[in-house]
Amino acid sequence: MTERIRPKAPRALQMILPVVLLALYLPLVVMITGSFKGWTLDWYIELFQDPTLFQALLRSVMVATSSATLSTVLAISAALALEKFVFAGRWPMRILSTISLMLPELVLSLSLLSWFSVLHWELSLATVVVAHITLVLPFAILIIAARLTSMDAAVEDAARDLGAGEWEVLSRVTLPLLKPAIISAFTLSFLLSFDDFLVTYYTNGAGNDTLPVKLYALMKSGLSPKVQALSSLMLLVSVGLVILLIKYRPKEGPES
Amino acid sequence: MLEIRSIQKTFGSQTALDAIDLKIEEGEFFSLLGPSGCGKSTLLRLLAGLESATSGEIYWKGQRIDQLPARLRPFNMVFQKYALFPHLSVAENVAFGLQLKKVALAEIRSRVDEALALVNLQGFEDRKPETLSGGQQQRVALARALVNRPSIVLLDEPLGALDQKLREKMQADLRLLQKRLGLTFIFVTHDQEEAMILSDRIAVMNAGRLEQVATPRELFENPSSLFSARFIGGRNELSGRAIAGGFEMAGRTLEGISRCQELSQRGAGASVCAFVRPEMLRVSGMSEGANALSGRIVQILFRGSKSEVMIETAEGVSLRSMMDPSEASSLRVGSEVALQFAPHDTHLFWAGPQ
Amino acid sequence: MTQDKSAVRFLGWAPLTWYIVFLMFPLTIVAATAFATRGLYGGIEWSFTPANFARAFDPLYVSILMRSFLLSLGTTFACFLLGFPFAYSMATASERMRNILIMLIAIPFLTNLVIRICALKAFTSFDGPLASLLTLLHVKFDPYALSQNGPLVAFGMVSTYMPLMVFPLYASLERFDFTLVEAAEDLGATFWQIATRIVIPSLKGAMLSGLLLVFIPAMGEFLIPDLLGGAKVMLAGNLVSEQFLKARDWPFGSALSALLMILLSLVVIAIRRLEKRVQ
């Protein structure tokens with residue numbers, strides 16, 4: 001498709017672009033550079049020597065990995081059921097998915113908190129994982145379902161014609177073709193879980209802080225350079241993951 | 001032999017296939033011909049096992065197979081848009097069916113080579129489908145079906161996406177291949193020329209029903225319904241009425257055309273269509289005898305071995321006559337001529353309300 | 001559809017069960033708790049009383065809710081005011097520029113909110129760059145209030161939610177037929193006229209999406225007012241959170257949550273109705 005030059009907006013309006021980007025990035029950049037200048041790498045060293053921070057990081061990674069894995073698996077099942085098979089629970093699932101997308105995180109967290117209390121389920125990292133999965137699931141389903149609908153169904157028919165049973169169609173044709181979407185869904189789920197503060201705050205047991213929650217606690221007691229160093233580090237990791245996510249974004253359009 | 005008995009397929013309130021009865025012999029190149037929406041692809045998918053019929057049965061060699069899922073049937077399909085697995089190489093695509101049957105690796109290798117050789121794609125084993133041209137992809141799809149040594153090969157308009165030259169070549173290759181391997185091909189197309197060239201027998205379908213099942217020659221010379229006559233195309237179509245005396249059109253009555261008597265008794269205006277092939281319409285300078293229409297020559301087109309003369313009658317009906325170029329050389333554009341055709345070269349069909 | 005009777009058909013039950021157990025039941029519990037009363041030591045005494053709902057209509061709480069509503073509305077509006085030019089500039093940029101801009105706007109959005117707030121706080125802290133800049137310009141200010149005030153909360157909200165408004169707007173603009181703009185220019189229209197009469201009317205669907213994506217979460221926002229507003233700014237999110245964690249009055253908190261949900265549902269329904277009318 002030939003690239004058509006589109007008429008640009010007036011200069012004044014275009015100026016908003018750099019202004020907004022500046023407003024978004026300036027604090028971040030300042031923080032990162034600030035954590036080096038004057039404070040040198042000392043704070044980073046102190047950071048790494050703090051055992052509680054390292055534990056928090058570990059917990060974040062563990063929770064994110066579990067949540068991402070489980071929600072990706074559930075999302076694959078859900079997307080397949082919604083698009084492919086005659087499934088009685090289709091409508092309830094669509095409705096519940098829509099509801100969870102529109103629910104403010106706060107309400108989700110508090111309702112899960114109430115539920116866990118009723119079940120007498122003690123708050124721990126397990127409850128956090130459960131909460132994260134519930135939070136992340138609709139997004140994962142969206143990503144995978146989008147790719148499924150744009151996939152050419154004839155390929156699956158071809159597989160059946162050549163002798164594949166339903167599970168084989170799934171494992172040899174459908175899933176391999178869904179790979180980019182599965183990776184995207186996993187990465188997004190991981191990111192959302194890793195970065196999550198609100199849900200974790202309410203559904204976690206005491207002393208089990210994940211990294212964002214730990215950061216929050218530190219921030220509440222003052223803005224030491226150590227905190228800024230931690231933030232900067234997390235920021236750089238996040239950015240790396242985001243770039244990964246965008247690079248391996250599932251391509252739009254049907255594939256033959 | 002493949003036997004299709006009273007197959008019915010409805011989608012909700014729509015009937016896609018209505019009481020289809022068909023027998024297809026082994027080794028036949030059999031085509032399902034019809035316009036889009038006539039149900040030919042649906043029937044093919046039913047045979048493949050990708051859809052199930054609402055009612056009716058399918059028998060293969062005496063055994064009932066319509067209850068079997070696609071993977072258990074000894075048929076393989078070549079899909080319209082090829083449906084090659086994009087994440088697998090050409091060789092892996094072709095080997096797919098064999099791998100599922102857990103055939104030994106060495107045998108897979110040799111059979112894949114054999115299949116690729118059949119379609120002239122040796123050397124393409126490691127290529128990915130997206131790097132191939134349309135024609136090459138089509139041949140991979142064919143190889144993928146053939147490698148499994150199916151009893152019947154089902155082809156769903158496989159040549160539709162190819163350009164004219166390539167199509168003609170593929171048509172010839174397909175026919176050769178089918179005869180050489182002695183397989184049964186069931187071919188779906190909307191192109192009547194293609195069906196005529198390739199098939200041993202053709203089933204003309206319209207709105208879910210079989211209009212006519214015959215050899216190409218029979219279909220051409222003796223269309224058995226209005227639809228078939230129109231679909232085969234290229235004929236002169238004359239609309240008029242059937243009366244006791246003959247075929248009435250534009251104030252003239254042409255006698256001797258068969259079925260006039262019978263159709264005139266259908267009442268309701270007895271509107272009919274008469275079909276005359278261009279080769280059967282003779283043009284002469286003088287009006288002689290019965291069964292003559294008159295008109296003016298509008299155009300004369302030279303088509304190599306034949307000339308096409310286009311005439312318009314006083315009533316505005318356009319007619320075509322095909323004749324030897326030497327005959328046409330004596331005709332002039334704009335001159336008034338008489339048109340004649342023999343009654344036995346005319347096919348008459350009921351065109352009134354059903 | 002396939003006629004093969006395979007167990008694959010039952011795949012869908014797993015995620016559905018999850019939703020039922022971990023979404024539907026919790027929400028039902030909240031609804032039920034809303035009618036209960038607070039036990040002596042902060043537990044739940046199961047009863048059936050509408051007292052919590054009555055209490056929720058106390059002017060104190062209503063004012064908080066109103067403030068949240070106005071702030072969310074204002075945020076949405078500001079996001080659109082800034083987001084439209086941004087999305088328009090993106091859509092009219094070169095292909096390469098567009099991809100870069102997409103990445104630039106996505107990155108802050110997908111990074112941790114706590115971090116971004118931390119950066120904002122550092123920026124506005126009493127010994128941070130903003131303070132230095134203001135001193136340089138001889139502007140009077142209270143150094144300790146610089147990093148905890150109302151306007152900062154507003155800024156935090158808008159900068160956090162802007163990408164959510166830009167995405168749908170950009171998606172729509174990307175497909176927009178800009179030859180219409182060229183035709184309008186040829187006929188002598190100013191940009192303001194073009195924007196208001198041609199472009200924006202075609203964006204109705206995207207604007208509604210943006211509204212949904214910004215307004216709803218903004219109503220439940222807790223972190224931003226908490227960290228950037230200190231004790232002075234209390235919004236619906238903080239209020240509800242307080243009931244659960246500090247006041248240990250779960251029934252009241254549940255009632256407030258339920259009311260919030262009802263309010264939001266009404267907004268969504270209104271938006272959906274508008275959407276249908278637009279189409």
Side-chain angles (χ1 to χ4, degrees), chain A residues 1 72 75-76 79-81 83-88 90-91 143-187 247-256, chain B residues 41 44-52 68-88 92-103 128-132 134 137-138 140-150 152-158 161:
Chain A
M1 200 168 84
T72 308
I76 296 175
L80 286 171
E83 301 293 326
K84 304 250 143 207
F85 304 113
V86 187
F87 174 52
R90 224 186 207 158
W91 275 121
I143 293 179
I144 299 184
R147 175 91 173 111
L148 254 181
T149 46
S150 69
M151 213 171 73
D152 183 15
V155 206
E156 292 175 330
D157 274 342
R160 285 187 196 109
D161 173 67
L162 290 165
E166 289 308 314
W167 287 106
E168 284 168 313
V169 173
L170 209 64
S171 58
R172 286 179 189 246
V173 179
T174 320
L175 288 180
L177 288 177
L178 278 179
K179 204 164 72 163
I182 295 179
I183 295 179
S184 268
F186 183 86
T187 315
K247 266 194 85 182
Y248 289 103
R249 176 177 53 179
K251 295 193 183 64
E252 253 111 58
E255 304 228 312
S256 60
Chain B
S41 286
L44 203 72
R45 286 176 66 90
L46 268 169
L47 293 175
L50 295 171
E51 310 253 3
S52 40
L68 293 177
R71 61 189 166 89
L72 294 176
R73 299 197 191 187
F75 312 146
N76 282 125
M77 190 149 146
V78 178
F79 290 76
Q80 193 167 9
K81 295 201 196 123
Y82 322 131
L84 297 179
F85 304 122
H87 59 294
L88 299 177
E92 288 168 333
N93 260 281
V94 176
F96 195 82
L98 300 176
Q99 283 171 344
L100 287 171
K101 296 191 187 78
K102 309 258 195 319
V103 172
K128 279 276 170 71
E130 63 197 3
T131 64
L132 302 176
Q137 286 185 20
Q138 200 263 346
V140 175
L142 189 59
R144 186 174 69 178
L146 291 176
V147 81
N148 302 292
R149 302 197 185 132
I152 302 183
V153 181
L154 307 163
L155 302 111
D156 192 358
E157 300 205 55

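In what follows, every heavy atom counts, from backbone to side chain, and hydrogens, waters and symmetry copies are set aside. This one's a predicted model, so the numbers in the text were calculated from it and none came from an experiment.
- Heavy-atom distances place both the backbone and the side chain of A159(A) under 4.5 Å from chain B.
- Expressed to the nearest 0.5 Å, how far CD of E51(B) lies from CG of D157(A) amounts to 8.0 Å.
- Atoms CD and OG1, from Q137(B) and T131(B) in turn, are 8.5 Å apart once rounded to the nearest 0.5 Å.
- By number of non-hydrogen pairs under 4.5 angstrom with chain A, the leading residue of N76(B), L154(B), L88(B) is N76(B).
- Heavy atoms of other residues, nucleotides or ligands lying less than 6.0 angstrom from NZ of K179(A) number 12 at most.
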Report the C-alpha distance between R160(A) and E168(A) in whole Å, list the side-chain angles of each, state the deciding distance to 0.1 Å, and finish with yes or no for salt bridge (Lys or Arg N to Asp or Glu O under 4.0 Å). CA-CA 9 Å; R160(A) 285 187 196 109; E168(A) 284 168 313; over 6 Å; no

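- If you take CG on D161(A) and CZ on R71(B), they are separated by 12.5 Å, rounding to the nearest 0.5 Å.
- Looking at R45(B), the atoms closer than 4.5 Å to chain A (heavy atoms on both sides) all sit in the side chain, from C-beta outward.
- For N148(B), the part sitting under 4.5 Å from any heavy atom of chain A is the side chain, from C-beta outward, and nothing else.
- Proximity to chain A is absent for every atom of Y82(B), based on heavy atoms less than 4.5 angstrom apart.
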